[in-house]
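Heavy-atom basis, side chains included; hydrogens, waters and symmetry copies ignored.
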Amino acid sequence: MLDVRMIRADIDQVKAGLARRGQDTAVIDEVAGIDAELRSLSGQRDSLRAEVRALSNEVGKLFREQRQDEATELQEQSRLLGLEEKQLDARAEELQVLLRDQLLRIPNLPAADCPDGAGEQDNVILRVEQYQPDSYVDCQRVPHWEIGEQLGILDVERAVKMSGSMFVMYRKQGAALVRALCQLAIDRNVDLYEEVRPPTLVRTATMIATGHLPKFSEEAYAVERDDLWAIPTAEVPLTSLGQDEIVAEADLPLRFCAHTSCFRREAGSAGKDTRGLLRVHEFDKVEILAYSTPAQAADLHAEILLRAESLIAELGLAYRVLDLCAGDIGNSAARTFDIEVYSPGVDQWLEVSSVSWFGEYQARRANLRYKPEGGKGTEVLHTLNGSALAVPRVWAAIVETYRQPDGSIKIPELLLPYMRGATAISAGV
RNA sequence: GGAAGGAUGGCAGAGCGGACGAAUGCGACGGUCUUGAAAACCGUUGAGGCUUCACGGUCUCCGGGGGUUCGAAUCCCCCUCCUUCCGCCA
């Protein structure tokens, strides 16, 4: 959520930022108008309230002094003022709700150094690593859903029977590989990042805090009877972990990591990348997230990217890093780097991590604040996060990349300690 | 799911219709004293909105929402959460 005071102070800058996203800026004028009216109205209301309070105190005093007549007279006066105040208050209330509604739907402003661009095609490729297009051999050019079926480690058919399309089931060593990846990702980050196992069903307010609601309700699974939502990422509970709290500047940054299931309806992406593990409704992911001061944010952004990137690199996968342009960053983000892994069997670059800096946008929604050292008052802090590891696509890339001529899959070295002593996955095991 | 009790500042805890943003204690911070520290003593100590160059003024917040009243932390209604007991349960 943007700060209304920023809109008040520098409306042109706000509009310019939204324009970089390709967004209509008319809302901003609307918001500024509502804000102005609200302020004038609540000012009037407050002075009426002050009068009512003063009169009421007077009434009390008069009653104690047994001056009934004078008291009754003031009572009546105060009652009439109260009526007026009620009207103003009702209108102010309406405006306030309207203002918040509007503000919640306005996306974050892109960071100054976020590249210009209208969409995906304008993203900047920062680097491509460990990718040698000519190095892949025939046995690696088989899509993971075929490999998974051959080896009995991926069972899409039965998962679809149980839950519908775009649900999958891992079996045998395939299931073990899922757990191994999660465990590995957690273990690599607990040196600095506190491990958390949060709820996967959360309230509406919790989804609003990260920016997943109110705009993107179609993307999330809702458990309507209980007014709960299935989280699309651990970013949701982790961002609300410090909701309404005020932390000391000395305690920042706070770092968290969490392994959770993630649920996405993928509405509007029907027919796109639906084979195998490319796009699924439910998957496992390890997320890392930080709360920081504005000054720490840039370093943390780099830190999170490095952690996500080095894990993919050490798993021996080919990947590239993108600097997303203003037209392609997510609603809540100010700057985002994507990591895409190359999967030889499907011959595609698959997004496996989005590392974002959100500035105050989410923190203002979740009411996350800190007390500046030596300063007075409180400041809104910054949030950042990234996937340390998202299972399905990494699973797919590993299975395709590490496939041997005999059809077995060699287990990457990093995962060996997590695979019960196995060094390869072959049929029947 | 049933019954009873509860929710007040960083914590503990009073207040149960009038001057209450709220006694008191603890904690924290600053000071006096001390070679230093402790103790003692003095002082400060919630968050936020609007307004002001500033001093200040003013409003909101006693779990959340609604109501009664000239006036609500205090009375009434609804909800949520917590504790204890019973039931059920991985």
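Rounded to whole Å, the P atom of C26(B) lies 27 Å from the corresponding atom of U35(B). Taking atom C1' on both nucleotides, C79(B) is separated from C41(B) by 49 Å, rounded to a whole Å. Nucleotides U83(B) and C29(B) are separated by 35 Å at their C1' atoms, to the nearest Å. Across the P atoms, U24(B) and C77(B) are found 33 Å apart, a figure rounded to whole Å. G5(B) and C76(B) are spaced 13 Å apart, taking the P atom of each and rounding to whole Å. Comparing G17(B) with A73(B), their P atoms sit 13 Å apart, to the nearest whole Å. Across U68(B) and C85(B), the matching C1' atoms stand 36 Å from one another, rounded to whole Å. Nucleotides G13(B) and G66(B), compared at atom C1', are 29 Å apart to the nearest Å.
Of the nucleotides present, none pairs with U68(B) by Watson-Crick or G-U wobble criteria with both distances under 3.5 Å. When both pairing distances are held under 3.5 Å, G1(B) makes a Watson-Crick or G-U pair with C86(B). Nucleotide C81(B) forms a Watson-Crick or G-U wobble pair with G6(B), both donor-acceptor distances falling under 3.5 Å. Pairing for C62(B) is absent, judged as Watson-Crick or G-U wobble with the two contacts each under 3.5 Å. Pairing partner, C16(B): none, since no Watson-Crick or wobble contact has both distances short of 3.5 Å. For C41(B), the paired base is G31(B) (Watson-Crick or G-U wobble, both distances below 3.5 Å).
Between Y221(A) and F263(A), the two ring planes are perpendicular [angle over 60°; tilted spans 30° to 60°]. F256(A) and Y291(A) have perpendicular rings, their planes meeting at more than 60° on a 0 to 90° scale where under 30° would count as parallel.
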**Request:** Determine, stepwise, if the pair K371(A) / E379(A) fulfils salt bridge (charged side-chain N to carboxylate O under 4.0 Å, His left out).
**Result:** CA-CA 6 Å; K371(A) 222 185 224 332; E379(A) 301 281 343; over 6 Å; no
**Request:** Please lay out, stage by stage, how E400(A) and S343(A) fare under the test side-chain hydrogen bond (donor to acceptor under 3.5 Å, both in side chains).
**Result:** CA-CA 6 Å; E400(A) 294 174 8; S343(A) 218; 2.9 Å; yes
**Request:** Would you check, one step at a time, whether the test salt bridge (charged side-chain N to carboxylate O under 4.0 Å, His left out) holds for K15(A) with D24(A)?
**Result:** CA-CA 9 Å; K15(A) 284 180 175 178; D24(A) 184 21; over 6 Å; no
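Remark: P of C50(B) and CD of Q44(A) are 16 Å apart, rounded to the nearest angstrom. The distance between atom CD of E37(A) and atom C1' of G49(B), rounded to the nearest whole Å, is 17 Å. Rounded to an integer number of Å, the gap from D227(A) CG to C79(B) C1' is 13 Å. Protein atom CZ of R203(A) is 15 Å distant from nucleotide atom P of C79(B), rounded to whole Å. Across the protein-nucleic acid pair, R369(A) atom CZ and G10(B) atom C1' stand 14 Å apart, rounded to whole Å. In this structure, L38(A) atom CG and U51(B) atom P are separated by 11 Å, rounded to whole Å. Computed from coordinates, the I246(A) CD1 to G9(B) C1' distance equals 12 Å when rounded to whole Å. Straight-line distance from the NZ atom of K61(A) to the P atom of G17(B): 22 Å, rounded to whole Å.
Applying the 6.0 Å contact sphere to CZ of R197(A) captures more than 12 heavy atoms from other residues, nucleotides or ligands. Residue E157(A) qualifies as open at atom CD: its count of foreign heavy atoms under 6.0 Å is 12 or below.
Between R8(A) and G49(B) there is no side-chain polar atom (N or O) within less than 4.0 angstrom of OP1 or OP2. Phosphate proximity of U51(B) to R39(A): present, with a side-chain N or O under 4.0 Å from OP1 or OP2. For A47(B), one of the phosphate oxygens OP1 or OP2 lies less than 4.0 angstrom from a side-chain nitrogen or oxygen of K371(A).
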**Message:** Each nucleotide in nucleotides 59-78 of chain B should get exactly one letter: B, S or -. Can you fill that in based on protein heavy atoms under 4.0 Å?
**Reply:** SS-------S-BS-------
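Applying the ring pair (Phe, Tyr, Trp, His ring centres under 6.0 Å) rule to Y170(A) yields the partners W395(A); only residues at least two apart in sequence or on another chain are considered.
The six-membered or imidazole ring of Y361(A) lies away from that of H382(A), with a centre-to-centre distance of 6.0 Å or more.
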